[in-house]
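Notes for the one structure printed next.
These figures come from a predicted structure and were not determined experimentally. Just so you know, residue 1 is the first one in the sequence shown, and it goes up from there. Quick note: numbers below take in every heavy atom, side chains included, and nothing from hydrogens, waters or symmetry partners. Whatever order the structure lists ligands and atoms in, that order sets their numbers, starting from 1.
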Amino acid sequence: MAPPIPPRDRPHDRLIVALDVPDAAAARALVQRLGDAVSFYKIGLELAMSEEFFALLAWLRAQGKDVFVDLKFFDIPETVARAVRALSRHGARFCTVHGNQAMMEAAARAKGDTLKVLAVTALTSLDRGDLDDLGFRCDVGELVLSRARRALAAGCDGVVSSGLEVERLRREAPRELIVVTPGIRPLDNTAESDQKRVMTPARALQAGADYLVVGRPIRDAADPRAAAQAIQREIAAV
Ligand code: C5P
């Protein structure tokens, strides 16, 4: 008999909803509205500027939800290590770190047993022109792959990558790399967006993404629960 599937491998847990809302009350309202349609949430910079960031994290955990703390740490290695160590005591499952080898190594050393560190590769809001402006002359795919390899070598667990780079990561980076993909746009979502390298949920999963991060297409939907359920059906079908 096949071993039971660990809970984290359930398709349902592969949708991470970004709680990009101004305060904990708005976050709790959205989580309650989504109910059992979503089991994994990302909290980031906007909520970190509100007073109840850690109370919200604890509340999400008490609701049985997984939490991705996306603060994209970027500082001297000692400071990054201390921030990651402090965060590791709060029960989050993923956090993000930018940067060079020393920063990623510091984060990996400090993460403990349960918190996984994801390295930011190239923001999904950046296109070729933006990367040129930042001085990255190489191909985006090349840049993402090189960051992914360096992240694993540094002891990190995975990367945040646009869906467009996932196929290549799956082909050329070690399989244990966790790939989390934001910039997801369901086909029927035509809202204007600052995300330049976007993909549908099904395409990102087929390309090899492990988790999808979806913010505005759910937050701004007339019926957020129905929007989340539609994405869950798409995930289950893949
Ligand atoms: O609203 P939308 O679905 O575009 O939300 C994208 C979310 O993913 C935001 O919370 C943003 O911070 C995050 N993100 C991203 N690109 C990355 C890393 C995180 O868009 N490379």
Side-chain angles (χ1 to χ4, degrees), residues 14-23 26-27 30-31 34 38 40-50 53 56-57 60 66-74 92-99 104 107 116-128 130-131 134 136 140-141 143-148 151 156-166 169 177-205 207 209-222 224 227-228 230-232 234-235:
R14 297 173 70 172
L15 171 63
I16 303 177
V17 172
L19 289 173
D20 291 329
V21 293
D23 53 44
L30 182 55
V31 171
L34 293 172
V38 177
F40 208 152
Y41 287 95
K42 182 172 92 72
I43 55 178
L45 290 173
E46 186 178 4
L47 279 170
M49 297 305 113
S50 75
F53 188 74
L56 176 67
L57 202 169
L60 285 166
D66 268 326
V67 183
F68 169 8
V69 173
D70 184 22
L71 297 176
K72 300 186 177 72
F73 297 129
F74 184 96
R93 199 146 166 252
F94 292 157
C95 72
T96 37
V97 62
H98 263 292
M104 292 191 290
K116 297 207 179 302
V117 176
L118 308 174
V120 175
T121 54
L123 289 177
T124 39
S125 57
L126 305 179
D127 63 11
R128 180 67 264 168
D130 298 320
L131 290 168
L134 289 169
F136 291 111
V140 183
L143 176 68
V144 170
L145 181 62
S146 126
R147 293 212 167 174
C156 293
D157 302 280
V159 290
V160 180
S161 160
S162 133
L164 302 181
E165 277 74 56
V166 176
L169 284 176
L177 184 83
I178 297 172
V179 180
V180 176
T181 298
I184 299 296
R185 290 297 174 268
L187 269 187
D188 58 357
N189 189 279
T190 49
E192 279 295 305
S193 170
D194 55 359
Q195 299 279 31
K196 294 178 181 165
R197 291 180 298 121
V198 297
M199 208 176 239
T200 65
R203 274 294 300 124
L205 290 174
D210 294 306
Y211 297 88
L212 309 177
V213 173
V214 183
R216 287 163 288 182
I218 291 177
R219 183 197 69 188
D220 298 342
I231 295 175
Q232 290 291 20
E234 202 173 325
I235 291 174

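Atom NZ of Lys72 is separated from atom OG1 of Thr96 by 5.5 Å, given to the nearest 0.5 angstrom. One finds the CZ atom of Arg93 at 10.0 Å from the CG atom of Leu118 (value rounded to the nearest 0.5 Å).
Only the side chain of Lys42 comes within 4.0 Å of ligand 1, judged by heavy-atom distances. In Val214, the part holding a heavy atom less than 4.0 Å from any atom of ligand 1 is the backbone. In Pro217, the part holding a heavy atom less than 4.0 Å from any atom of ligand 1 is the side chain.
Under a 4.0 Å criterion applied to the non-hydrogen atoms of Gly215, ligand 1 contributes the atoms 1 (O), 2 (P), 3 (O), 5 (O). Near Val160, meaning under 4.0 Å from one of its heavy atoms, ligand 1 places the atoms 17 (C), 18 (C), 21 (N). Applying the 4.0 Å criterion to heavy atoms of Lys72 picks out, from ligand 1, the atoms 12 (O), 18 (C), 19 (C). Each of the atoms 10 (O) of ligand 1 lies under 4.0 Å from some heavy atom of Ala18. Each of the atoms 9 (C), 10 (O) of ligand 1 lies under 4.0 Å from some heavy atom of Asp20. For ligand 1, the atoms sitting less than 4.0 Å from at least one non-hydrogen atom of Arg216 are 1 (O), 2 (P), 3 (O), 4 (O), numbered in the order shown with element in parentheses. The Val213 neighbourhood of ligand 1 comprises atoms 7 (C), 8 (O), with distances under 4.0 Å to a heavy atom of that residue.
With sequence neighbours left out, Asp20 forms a salt bridge (charged side-chain N to carboxylate O under 4.0 Å, His left out) with no residue at all. For the ring-ring contact (aromatic ring centres under 6.0 Å, His included) test, residues two or more places apart in sequence or in another chain that qualify with Phe68 are Phe94.
Ligand 1 lies less than 4.0 angstrom from a heavy atom belonging to Arg185.
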Under the side-chain contact (heavy atoms from CB on, under 4.5 Å) criterion, do Tyr211 and Ile178 qualify, and how do the steps go?
CA-CA 8 Å; Tyr211 297 88; Ile178 297 172; 3.9 Å; yes

Applying side-chain contact (heavy atoms from CB on, under 4.5 Å) to Val166 and Leu164, what does each step give before you reach the verdict?
CA-CA 6 Å; Val166 176; Leu164 302 181; over 6 Å; no

Test side-chain contact (heavy atoms from CB on, under 4.5 Å) on Leu60 and Leu19; report intermediate values, then the result.
CA-CA 11 Å; Leu60 285 166; Leu19 289 173; 4.2 Å; yes

Given Leu15 and Ile218, is the side-chain contact (heavy atoms from CB on, under 4.5 Å) satisfied, shown in steps?
CA-CA 11 Å; Leu15 171 63; Ile218 291 177; 4.3 Å; yes

